[in-house]
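FYI, the numbering just counts along the sequence from 1.
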Amino acid sequence: MLHVDSIFAATSAGPSALLAAGGEAVPPPFTVTRVFTETRLDSWLALGLVLAAGLYLYGVYRLRLRGDAWPALRTICFLGPGLGGIAAVTVSGLHAYDTALLSVHMVQHMVLSMIAPIFLALGAPVTLALRTLPVRPRKRLLAVVHSRFAKVYSFPLVAFSIFVVNPFALYFSGLYHYTLEHAWAHELVHAHFIATGCVFFWPLLGLDPLPGRWPYPARALLMLLSVPFHTVLGLTIMQSTTLLGGDWYPSLNLSWSNPWNDQVVAGGILWAGGEFVSVTMLAVLVVQWIRQSEREARRLDRELDRQEARDRAADAAAAATAATATPAPGTPA
């Protein structure tokens with residue numbers, strides 16, 4: 001969503017000043033300082049982020065009040081790269097350029113659909129809610145998690161299909177141009193990126209108890225299949241002979257940005273960023289797999305030790321019974 005304050009408006013005002021999404025003036029040349037000076041805290045998404053962070057911290061506080069532990073790393077993942085990642089690309093000054101520069105929008109795409117959902121999943125918010133909610137709300141949450149809709153929508157193959165197909169359907173149709181013209185549609189796309197990423201990564205890397213979770217080998221295979229996805233999408237955008245969004249970007253007449261060059265940069269962001277994140281998350285999944293195997297091995301060892309202890313106790317009891325029943329030598333039968 002394009003949001004420009006009075007300074008931006010004064011900078012770009014004049015007879016030839018153009019309007020972008022929401023009817024506000026297009027921004028001046030992009031600089032790193034604009035990311036910090038144009039932070040916006042008046043959007044519905046900012047309110048949602050603050051509410052989510054508050055509820056999570058309250059849940060952790062409730063656990064500690066009753067003496068239960070909650071891993072600090074989960075809190076850091078959820079609040080830092082999770083909610084913090086979403087805020088970094090939607091509440092910061094980047095939002096003022098997300099309908100003026102395709103490359104900025106692609107940075108948002110990567111963070112909202114891949115990076116932030118991964119860390120939200122590692123924060124295990126559903127588990128935290130199940131451990132802190134009263135009985136009735138906890139039962140309702142469990143009913144939602146195990147509902148037919150949740151089972152279908154979070155099934156790995158369904159989630160993978162949505163994750164892969166949606167960007168192609170968005171960028172190579174008139175839908176993307178529509179989101180550039182309507183601020184509400186553009187913000188809805190942001191929310192959709194987050195939801196799609198969560199649905200895909202939560203069953204693969206998340207720590208919450210979800211129905212129908214695949215074993216680690218199948219999860220690793222699906223993650224491996226997702227690696228070339230952003231490569232194909234990025235290269236397709238880089239080599240495209242048409243501009244994404246149609247005539248939207250040329251119509252802005254930005255003297256400081258060439259839409260064709262910016263589209264090449266945007267494709268490169270998807271290509272390089274997608275491969276890096278996918279391979280990194282594949283490594284995380286392998287580490288989780290190894291740790292789960294080690295926990296299972298320790299569990300089996302403990303079970304074997306308990307079984308051996310029970311066998312020894314049974315043998316000792318049998319020997320004691322036999323010794324008691326057998327008369328000593330020289331004793332009359």
Discussion item. Do L49 and L55 land in one hydrophobic cluster if side-chain heavy atoms of ILVMFWY residues count as linked below 4.5 Å?
Written reply: no

Item to complete: Could you tell me whether the side chains of Q307 and R310 share a donor-acceptor contact shorter than 3.5 Å?
Response: yes

Item to complete: Using only heavy-atom distances, determine whether the side chains of Y171 and H105 contain a donor-acceptor pair under 3.5 Å.
Response: yes

Worksheet, complete the sentence: Smallest heavy-atom separation, Y249 atom then L180 atom, equals OH-CD2, 3.8 Å

Worksheet item: Does the pair E303/R306 count as a salt bridge with the N-to-O cut at 4.0 Å?
Response: yes

Discussion item. Quick check on the hydrophobic clustering: are W256 and V104 connected, directly or via other members, by side-chain heavy-atom contacts under 4.5 Å?
Written reply: yes

Fill in: Non-hydrogen atoms of W289 and A220 that approach each other most closely
CZ3-CB, 4.3 Å

Fill in: Nearest heavy atoms of W214 and A218, plus distance in Å
CE3-CB, 3.5 Å

Practice prompt. Over all heavy atoms of both residues, which pair between V89 and Q108 is shortest? Give the atoms and the distance, please.
Written response: O-NE2, 2.6 Å

Worksheet entry | side-chain hydrogen bond (donor to acceptor under 3.5 Å, both in side chains) between S103 and D262, intermediate numbers included | CA-CA 6 Å; S103 56; D262 188 58; 2.6 Å; yes

Worksheet item: Are M238 and I269 in one and the same hydrophobic cluster, where Ile, Leu, Val, Met, Phe, Trp and Tyr link if side-chain heavy atoms are under 4.5 Å apart?
Response: no

Discussion item. Does atom OH (Y153) have a neighbourhood of more than 12 heavy atoms from anything else shown, all under 6.0 Å?
Written reply: yes

Worksheet item: Are the side chains of R131 and D68 in touch, meaning some heavy atoms are under 4.5 Å apart?
Response: yes

Please list, one pair per line, the donor and acceptor atoms closer than 3.5 Å that link side chains of residues 191-212 to other protein atoms, with sequence neighbours excluded.
| residue | atom | partner | partner atom | Å |
| --- | --- | --- | --- | --- |
| H192 | NE2 | N166 | ND2 | 2.6 |
| H192 | NE2 | T196 | OG1 | 3.4 |
| T196 | OG1 | H192 | O | 2.8 |
| W202 | NE1 | D208 | OD2 | 2.8 |
| D208 | OD1 | V126 | N | 3.3 |
| D208 | OD1 | T127 | N | 2.7 |
| D208 | OD1 | T127 | OG1 | 2.7 |
| D208 | OD2 | V126 | N | 3.4 |

Item to complete: Would you name the heavy atoms of L222 and P156 that are closest together and state the gap between them?
Response: CD2-CB, 3.5 Å

Practice prompt. Indicate if F172 and V232 have the same hydrophobic cluster label, given that clusters are the connected sets of ILVMFWY residues with side-chain heavy-atom separations under 4.5 angstrom.
Written response: yes

Worksheet item: Do side-chain atoms of Q263 reach the backbone of L244 as a donor and acceptor pair under 3.5 angstrom?
Response: yes

Fill in: Exercise: identify the closest heavy-atom pair between T99 and L252
O-CD1, 3.8 Å

Worksheet entry | Salt bridge present between R302 and E308 (N-O < 4.0 angstrom) | no

Item to complete: Check for a donor-acceptor pair, side chain of S147 on one end and backbone N or O of V144 on the other, with a separation under 3.5 Å.
Response: yes

Practice prompt. Under the side chain to side chain contact (heavy atoms under 4.5 Å, CB included) rule, what do R74 and Y56 come out as? Steps first, then yes or no, please.
Written response: CA-CA 11 Å; R74 295 185 183 182; Y56 192 95; 3.8 Å; yes

Worksheet item: Are H190 and H186 close enough that their ring centers fall under 6.0 Å?
Response: yes

Worksheet item: Within the distance-only criterion (no hydrogens, no angle test), does the side chain of H177 pair as donor or acceptor with the backbone N or O of G174 below 3.5 angstrom?
Response: no

